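This report concerns only the one structure given below.
Remember, it's 1-based here, ligands and their atoms both numbered in the order they're listed. Heads up: numbering here begins at 1 and tracks the sequence. Source: prediction; values computed, not measured.
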Amino acid sequence: MRFFEIAERACAGEPVTAEEALAVLGSTDDELMELVAATSRVRRHFFGNKVKINYLVNIKSGLCPEDCGYCSQRLGSETDVLKYPWLPAEEAKRQAEFGLSGGASRVCLVASGRGPSHRDVNKVSDMVSSIKESNPEVEVCACLGFLKDGQAERLKEAGVDAYNHNLNTAASHYPSITSTHTFDDRVDTVARARNAGMSPCCGLIVGMGETDEQIVEVVQSLQAVDSDSIPVNFLIPFDDTPLAGTYELTPQKSMRILCAVRLMCPDRELRIAGGREMHLRSWQPVSLHIANSLFLGDYLTVEGQTAEADLDMIVEGGFEIVGAEETAAQLRDRVRAHRTAHQAAIDPSPTSAQDAPSGGTLPCGKPEPVGAGAPAGVTIPVIRRRGAGTTEAPNA
Ligand code: SF4
């Protein structure tokens with residue numbers, strides 16, 4: 001396949017066709033470096049050497065009534081994730097500011113559940129006011145589930161800049177993943193967010209048993225809803241969920257998926273999201289030459305690699321950080337010095353996934369989770385025990 005030709009067309013604003021995207025997904029490992037080189041031109045064309053940093057704050061965790069098959073917070077889940085109700089506004093602000101000091105220009109306030117009540121929207125509005133009062137430049141993205149009449153408008157008025165609601169997988173695959181809502185329900189909420197003036201942040205999860213055709217299908221749906229930012233999540237197959245033990249992705253396949261999404265959505269923010277560490281593995285730093293955005297540090301219910309490791313990837317890839325007043329290297333060194341001092345002063349126990357003791361007990365005293373049938377070389381993420389909802393310092 002002529003990767004450089006299709007990349008040239010993508011740079012000119014012409015997304016690749018479904019047929020071409022399928023050829024990208026079906027290309028061989030031998031062709032991967034050529035595909036990456038060609039696709040990286042598209043990333044450079046639209047985003048130069050900038051990486052956007054986003055920071056997740058889980059403002060309400062666990063106990064969801066929905067049954068999304070990939071989710072550790074789903075109905076009846078026995079996955080031992082943190083469970084807590086809405087954070088107070090001041091605590092949400094405090095957590096958000098950890099991410100801002102780590103270089104984030106967007107804070108993502110995420111709540112489990114089918115959707116917010118009107119009182120919940122008021123709570124989130126208070127959080128947004130609190131965060132923006134002292135950080136007027138920050139972009140706030142809310143992710144609260146399905147929106148009812150008037151809620152998108154109220155969130156917009158409260159200062160919410162973007163609304164995250166992932167389509168997750170193809171319409172044709174959706175019924176095998178979730179039974180408590182439909183694909184069309186999700187499309188409806190994305191449209192409500194867009195119509196209210198919020199920027200749609202809408203992405204997918206791969207590695208859930210979908211075919212290449214279904215990956216192309218969901219990306220076509222992302223084109224149709226006009227998603228501005230596209231998080232690509234790689235399935236973390238939590239124990240005690242229907243997808244436990246599902247390890248379908250290789251690092252090379254994960255890279256081909258990122259390339260296909262970039263080539264189909266050339267000028268959209270493409271974010272490496274949950275599961276990137278365990279699936280992209282040693283390709284992770286290279287993936288930033290395709291994606292232009294990441295979540296710093298931890299995810300909603302599992303820990304990510306350290307924030308310093310994220311910043312190392314950015315610095316060592318020759319990138320700079322969107323919105324930062326200092327160089328990526330200066331920011332990275334400042335974060336590292338702060339974390340080292342903090343660790344030495346108040347938290348001498350190891351807290352990162354990499355530092356956690358193996359095969360035994362986590363620093364919090366809980367047993368270390370064991371992945372069902374993980375292939376050799378896959379590091380199982382550690383359930384999050386720090387940051388929002390805890391008294392421990394976050395990974396930011
Ligand atoms: S993905 Fe969201 S809606 Fe689905 S089970 Fe998890 S928290 Fe609930």
- [ ] Going by the side chain to side chain contact (heavy atoms under 4.5 Å, CB included) test, name the single residue among L82, L300, D298, L87 that passes it with N58.
- [x] L300
TODO: Kindly confirm whether atom 8 (Fe) of ligand 1 is within less than 2.8 Å of some N/O/S atom in C64?
DONE: yes
Task: Nearest non-hydrogen protein atom, atom 4 (Fe) of ligand 1 - done: C68 SG, 2.3 Å
Task: Rounded distance (nearest 0.5 Å) linking atom NZ of K93 with atom CG of N135 - done: 7.0 Å
TODO: Locate the shortest heavy-atom distance separating L235 from M278; write the atom from each residue and the value.
DONE: O-SD, 4.3 Å
Open item on the list: Could you tell me, atom by atom, which parts of ligand 1 come under 4.0 Å of a heavy atom of S112?
Closed with: 7 (S)
- [ ] Note the single closest protein heavy atom to atom 1 (S) of ligand 1, along with its residue, its atom name and the distance in Å.
- [x] Y70 OH, 3.4 Å
- [ ] For residues L144 and I59, determine if any side-chain heavy atom of one lies less than 4.5 Å from a side-chain heavy atom of the other.
- [x] yes
- [ ] Would you mind finding which of R74, H181, K60 brings a heavy atom closest to atom 5 (S) of ligand 1?
- [x] R74
Task: For atom 6 (Fe) of ligand 1, closest protein heavy-atom neighbour - done: C71 SG, 2.3 Å
Open item on the list: Students often mix this up, so state it plainly: with edges at 30° and 60°, are the rings of F146 and H181 parallel, tilted or perpendicular?
Closed with: perpendicular
Task: Cationic N near anionic O, under 4.0 Å, R386 to E392 - done: no
Task: Any S72 heavy atom less than 4.0 Å from ligand 1 - done: no
